[in-house]
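Notes to accompany the following structure.
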Amino acid sequence: MHVLIVFACFMASAARSAPLPESGSALVEDPRFQEILQRSRSLTQKILDSIADTHSSCIHTETLKLDSSDIGRFSTMATNIGIPPAPVLTAVSENFTLETGLRVMHDGLQLHQGLLSSIAPRLAEKDKVVALMSDVRDLKIQIAKMQKMNQSHIAAPPTSGSVELRLPGEFEVQVAAHLTLVQLQAFSWDVARCLRSLDRSAGDDNQS
């Protein structure tokens, strides 16, 4: 079920975003905000580019393919293992404010950093997972900087990044790593689209 939620979010975010509400427009136009946003876009692309190699390096079970369309059959295992679904991220609009978008991006990145942190010690090959976890952390830091610039709102209390997983055996470790990478990939696509819609240097790219 969690995978279906993530991909539903992905499909929803593909729609062209509505004009940014006036309350967030001034902040988005700020050159400092745009500078942080550019770093965030680069980090998001780096994460997306590294997921396939990371998956290949640590997943050795033949039935666990990154591009497999048959991932719904692991939904029960995901629940049993304790993998939470990613938060739903949509385009910034009157009903989904800039503040909300930044919070959802931060919370989603924190979730996946926690999942990777819980899984990595159980993997035989963990170097690329650790490197990916570092990139997720760095992107979370950039999002937090944009949140800090949003001084018109009271910051929400931070949520815990720790995730307790039930991993009794090697197969559960493999499934947990696989599902985490699949979910992180889908969430990162949505982050990329959300950031692109806020990029004032993107020009026609925002319309693609």
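These numbers come from a predicted model, not from an experiment.
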Worksheet item: What residues, two or more places apart in sequence or in another chain, satisfy side chain to side chain contact (heavy atoms under 4.5 Å, CB included) together with K126?
Response: L123, V130
Discussion item. Please evaluate residues C58 and K128 with respect to the criterion side-chain contact (heavy atoms from CB on, under 4.5 Å), reporting the C-alpha separation (whole Å), side-chain torsions for both, the decisive distance (0.1 Å), and the verdict.
Written reply: CA-CA 8 Å; C58 66; K128 291 189 177 182; over 6 Å; no
Item to complete: Return the orientation label for the F74 and F171 ring planes: parallel under 30°, perpendicular over 60°, tilted otherwise.
Response: tilted
To the nearest 0.5 Å, what is the distance between [atom1] on [X] and [atom2] on [Y]?
| X | Y | atom1 | atom2 | value |
| --- | --- | --- | --- | --- |
| S188 | I51 | OG | CD1 | 5.0 Å |
| R103 | L89 | CZ | CG | 10.5 Å |
| L165 | I83 | CG | CD1 | 6.0 Å |
| I143 | Q147 | CD1 | CD | 7.5 Å |
| R137 | L43 | CZ | CG | 10.5 Å |
| S42 | D49 | OG | CG | 10.5 Å |

Fill in: Flag side-chain contact, heavy atom, 4.5 Å: Q183 against L111
yes
Worksheet item: Does any non-hydrogen side-chain atom of K65 lie less than 4.5 Å from one of I59?
Response: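 Result no, sub-4.5 Å side-chain heavy-atom pair not found.
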When you measure from the side chain of [X] to the backbone N and O of [Y], does any donor-acceptor pair fall under 3.5 Å?
| X | Y | answer |
| --- | --- | --- |
| R193 | A91 | no |
| S50 | I47 | yes |
| T100 | F96 | no |
| S57 | T54 | yes |

Practice prompt. Mind running side-chain contact (heavy atoms from CB on, under 4.5 Å) on Q34 and V28 for me, showing each step along the way?
Written response: CA-CA 7 Å; Q34 287 293 311; V28 171; 3.6 Å; yes
Considering non-hydrogen atoms only, spot the tightest contact between [X] and [Y] and give its length.
| X | Y | answer |
| --- | --- | --- |
| V163 | S118 | O-OG, 2.6 Å |
| Q185 | L48 | O-CD2, 3.6 Å |
| V88 | V104 | O-CG1, 3.5 Å |
| M133 | Q113 | SD-O, 3.8 Å |
| M146 | L27 | O-CD2, 4.5 Å |
| A78 | L179 | CB-CD1, 3.7 Å |

Worksheet entry | Criterion side-chain contact (heavy atoms from CB on, under 4.5 Å) against F33, the qualifying member of R200, M149, K145, Q38 | M149
Worksheet item: Going by an N to O cut-off under 4.0 Å, is there a salt bridge joining R39 and E35?
Response: yes
Discussion item. Salt bridge check, D30 against R32: does any charged N sit closer than 4.0 Å to a carboxylate O?
Written reply: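 A salt bridge is present here (some side-chain N lies under 4.0 Å from a carboxylate O).
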Donor + acceptor pair across side chains of [X], [Y] (<3.5 Å):
| X | Y | value |
| --- | --- | --- |
| N95 | S93 | no |
| Q174 | H60 | no |
| R41 | T44 | no |

Discussion item. Is there a side chain to side chain donor-acceptor pair (under 3.5 Å) between D138 and Q142? Walk through the geometry before answering.
Written reply: CA-CA 6 Å; D138 290 347; Q142 298 305 313; over 6 Å; no
Worksheet item: Are there more than 12 heavy atoms of other residues, nucleotides or ligands under 6.0 Å from atom CD of E125?
Response: no
Item to complete: Decide side-chain contact (heavy atoms from CB on, under 4.5 Å) for T97 and V92; before the verdict, give the C-alpha distance in whole Å, the side-chain angles of both, and the deciding distance to 0.1 Å.
Response: CA-CA 5 Å; T97 65; V92 173; 5.7 Å; no
Item to complete: Give a yes or no on whether I36 and I141 share a hydrophobic cluster (residues Ile, Leu, Val, Met, Phe, Trp, Tyr; joining criterion: side-chain heavy atoms under 4.5 Å apart).
Response: no
Worksheet item: Checking side-chain contact (heavy atoms from CB on, under 4.5 Å) for the pair L167/V175: CA distance, chi angles, key distance, verdict?
Response: CA-CA 9 Å; L167 303 172; V175 171; over 6 Å; no
